[in-house]
Undergrad: 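Dropping a structure here in structure tokens format, bear with me for questions.
This chain uses plain numbering: 1 for the first residue, then up along the sequence.
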Amino acid sequence: MLVYRCGIDLSSSTLRFLAGHLRSRHRRQGTRWRRLPPGRQALLVLAHLRMGDTYAQLAAGFGIGTATAYRYIREAIEVLAVLAPMLRQAMNEARRKAFLILDGTLLPIDRIAEDCPYYSGEHKRHGMNVQVIADPHGKLLWVSPALPGATHDLTAARTTGIIEALSTTGLTTWADRAYQAAGRHIRVPIRGRKLKRWQRRYNTTHAKIRCVGEQAVATLKGWRVLRKIRCSTNRTTDLVRAVLTLHLARSTPR
């Protein structure tokens, strides 16, 4: 297989962050020797998560076996997933904000037609439903565990405890029509065809505020591994949490 050099649009601080946690894990496990040192393993993982490179491509580029690349990536995802903030921690951070934005998105997966629980009728494709919480500037604060794509956004928000957690913050949360009847603290557009002028103005203002939340979804899907998930659906939550950890580490000043 031919190999070539390729750039990754991530800072060296992100590489050092991941390499440091991998080094600590190796020290705790008493690992003596590996084909790749922590820095190179971190680069391998970032290439997979950010660029979406396959195990075979990474194995050829780093001069290791495909099975070794798989083990290195899975190990790093487990390390990062543990570091992701829990919902309670995210709500503590959210209390400093003026308001919040709640949105749901579908992460495509390679499932067959018989896997009905993962098929989203809205998007006409198989995927995993994740709920995203963003601040007024569109910064990604928290991502929910992944549920089958057939799950409705409101059901997913209730199942993962988001609705109840948002009510405890006392903040107004802006969301789309899918979250109708979620509670008084969840602001949704006014439904109907023949709306009054003030209702149309409200919906216009609502759309301008809520569209900022699309930046958080775009940030999440900026990690190309999430544009078409090929791993087991049981590992999707850890994958999303790993990406969230790296995003927060990348955006937090050090």
Undergrad: Residues two or more places apart in sequence or in another chain: which of them pass salt bridge (charged side-chain N to carboxylate O under 4.0 Å, His left out) with E164?
TA: none

Undergrad: Test of understanding: with ring-ring contact (aromatic ring centres under 6.0 Å, His included), list the residues that count as partners of H21, not counting sequence neighbours.
TA: F17

Undergrad: Taking only residues two or more places apart in sequence, or in another chain, which ones meet Y55 in a ring-ring contact (aromatic ring centres under 6.0 Å, His included)?
TA: H48, Y70

Undergrad: I'd like to check the salt bridge (charged side-chain N to carboxylate O under 4.0 Å, His left out) partners of R74; sequence neighbours left out, ordered by chain and number.
TA: E78

Undergrad: Not counting sequence neighbours, which residues clear side chain to side chain donor-acceptor pair (under 3.5 Å) with Y179? List them please.
TA: Q131

Undergrad: Return the set of residues passing salt bridge (charged side-chain N to carboxylate O under 4.0 Å, His left out) with R96 (not counting sequence neighbours), or none when no residue passes.
TA: E93

Undergrad: Partners of N203 by side chain to side chain donor-acceptor pair (under 3.5 Å), sequence neighbours excluded?
TA: none

Undergrad: Other members of the hydrophobic cluster containing W33, with the 4.5 Å side-chain heavy-atom rule, please.
TA: none

Undergrad: Taking side chain to side chain donor-acceptor pair (under 3.5 Å) as the definition, give me every residue that meets it alongside T105, ordered by chain and number, with sequence neighbours left out.
TA: K221

Undergrad: So, S12 versus R16: side-chain donor-acceptor pair below 3.5 Å or not?
TA: yes

Undergrad: Can you name the salt bridge (charged side-chain N to carboxylate O under 4.0 Å, His left out) partners of R34, sequence neighbours left out?
TA: E75

Undergrad: For residues 184-200, dump all side-chain donor-acceptor pairs below 3.5 Å to protein atoms at least two apart in sequence or in another chain.
TA:
{"from": "H185", "atom 1": "NE2", "to": "I163", "atom 2": "O", "distance (Å)": "3.3"}
{"from": "Q199", "atom 1": "OE1", "to": "K196", "atom 2": "N", "distance (Å)": "2.8"}
{"from": "R200", "atom 1": "NH1", "to": "L195", "atom 2": "O", "distance (Å)": "2.7"}

Undergrad: Can you give me the closest heavy-atom contact between A182 and L154, atom names plus distance?
TA: CB-CD1, 3.7 Å

Undergrad: Should side-chain heavy atoms under 4.5 Å link Ile, Leu, Val, Met, Phe, Trp and Tyr, which residues sit in the same cluster as L147?
TA: none

